[in-house]
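Note on naming: letters A, B, ... go to the chains in the order of the sequence lines (proteins, then strands), and numbering restarts at 1 for each one.
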Amino acid sequence: MEIYLPAHPPFSFYAVVNSHGWVQLAPFQQDETEQRLTYIDRLSSGRVVVYIIHALDSGVQLHSESDLNTAEQAEAAHKVIWMLGLQQDFSEFYAMASSELELSHVIERAQGRVLRCPTLFEDVIKTILTTNTLWAATIRMTSNLVQLYGEPLPSEPSRHAFPTPERLATLDEATLRAEARLGYRAPYVLALAQASASGKMDLEALKDPDLPTPELRKRLLAIKGVGGYAAANLLNILGRYDYLPVDSWAMKMVSQEWHQGELIGPAEVDAAFERWGKWKGLAYWFWKWKQ
DNA sequence: GGTAGACCTGGACGC
DNA sequence: GCGTCCAGGTCTACC
């Protein structure tokens, strides 16, 4: 199966794939040329397939198993369009960024899109695994979940899809702590999986563009393990940039940029980007920091 | 609403 | 090799 998927211009495959660390987390894999991204997905039909995504000037070429039926092809295309944000339009942000020296690069590099997972369930789990830990541990915990509980790709059994809520819901907290090494995050992951598997929580409904951002944030904060930082991160992934994911790194960067290295808090980080309004998350994300 | 302390892992460091 | 310290957000209890 070969499908050409056009993007709303301007588009840069490199920019979206390397927008943040998600590309380093299984079941994503980027090849050394950085012109090809692969992802192992479990389709709603139950088939586990690989998406091989090639960069093109004006979009991407999606390659997958040749015998996908029409419905499976449509599902694969729909997911890849979402994952790469191919239909996102950043012209309003670019108009504002053009007058800011520290953001002028975003236009020529076509930055703005952030790589996301096909399901919000996967994005939420991965975000929880980024909290209160080092990035190396996030990579390890995600890899453990995928390798231990994800379904294998038939043509390459060493690679697995991200585990479904139903599969994770069958586990218990002790197993997630001991096998996947999730630590105190284990009950959060388990509770989310159980709520999603039972239908009590419909995370995909949160992708509704008509949902007001404050309401969306409230629903994200209601998930155990998701606090202010994680919620803001997820809002950015969902295309809402009104809140900043303030972590220790953000406070350090803003302190160096505008407060001569003095100790600052989340309020100062927020104030630094207030003028960017609904685009503040993007302005923060792509700001050219003084290192 | 604000604050303190616990949660857990793994890397860095000293012995 | 072992023990200790520390970084990293969120939750809960308490004021």
Categorize Ile223(A) for me: base, sugar-phosphate, or nothing, with a 4.0 angstrom heavy-atom threshold over every strand shown. sugar-phosphate

Donor-acceptor contact present, side-chain Ser19(A) to main-chain Leu115(A), <3.5 Å: yes

Kindly state which residues belonging to residues 121-144 of chain A come within less than 4.0 angstrom of DNA chain C, counting heavy atoms of the residue only, listed by number. Thr131(A), Asn132(A), Thr133(A)

Transitively linked via ILVMFWY side-chain contacts under 4.5 Å: Met1(A) with Ile81(A)? yes

Look only at the side chain of Arg185(A) and the backbone of Leu182(A), and say whether a donor-acceptor pair between them is shorter than 3.5 Å. yes

Give the residues of residues 231-248 of chain A touching DNA chain C, defined as any heavy atom closer than 4.0 Å, sorted by residue number. Asp247(A), Ser248(A)

Donor-acceptor contact present, side-chain Gln88(A) to main-chain His8(A), <3.5 Å: no

Taking NZ, NE, NH1 and NH2 as the nitrogens, is one of them in Arg116(A) or Asp123(A) under 4.0 Å from a carboxylate oxygen of the other? no

Pair Trp276(A), Glu100(A): side-chain N/O donor-acceptor within cut-off below 3.5 Å: no

Would you say the side-chain atoms of Tyr94(A) pair up with the backbone N or O of Gln111(A), donor to acceptor, closer than 3.5 Å? yes

On DNA chain B, which is the earliest and which the latest nucleotide, 5' to 3', with an atom closer than 4.0 Å to a heavy atom of chain A? dC7(B) to dG11(B)

Correct closest heavy-atom pair for Ala15(A) and Ala110(A) would be CB-O, 3.8 Å

Quick one: does Glu108(A)'s side chain have a donor or acceptor within less than 3.5 Å of a partner on His105(A)'s backbone? no

Chi angles and distances behind the salt bridge (charged side-chain N to carboxylate O under 4.0 Å, His left out) call for Glu92(A), Lys278(A): CA-CA 10 Å; Glu92(A) 198 181 320; Lys278(A) 69 172 185 176; 3.6 Å; yes

Do the two ring centres, one from Trp287(A) and one from Trp258(A), sit under 6.0 Å apart? yes

Quick one, which residues of residues 168-190 of chain A touch DNA chain C with a heavy atom under 4.0 Å? Tyr184(A), Tyr188(A)

Checking Glu156(A) now: which residues fulfil salt bridge (Lys or Arg N to Asp or Glu O under 4.0 Å) with it, not counting sequence neighbours? none

Residues Tyr184(A) and Asn132(A): side-chain donor-acceptor under 3.5 angstrom: yes

Would you check if the side chain of Ser143(A) reaches a backbone N or O of Ile139(A) as a donor-acceptor pair within less than 3.5 Å? no

Tell me, please, the opening and closing nucleotides of DNA chain C, 5' to 3', among those with an atom under 4.0 angstrom from a non-hydrogen atom of chain A. dG8(C) to dT12(C)

Could you tell me how the ring of Trp289(A) sits relative to the ring of Phe273(A): parallel (under 30°), tilted (30 to 60°) or perpendicular (over 60°)? perpendicular

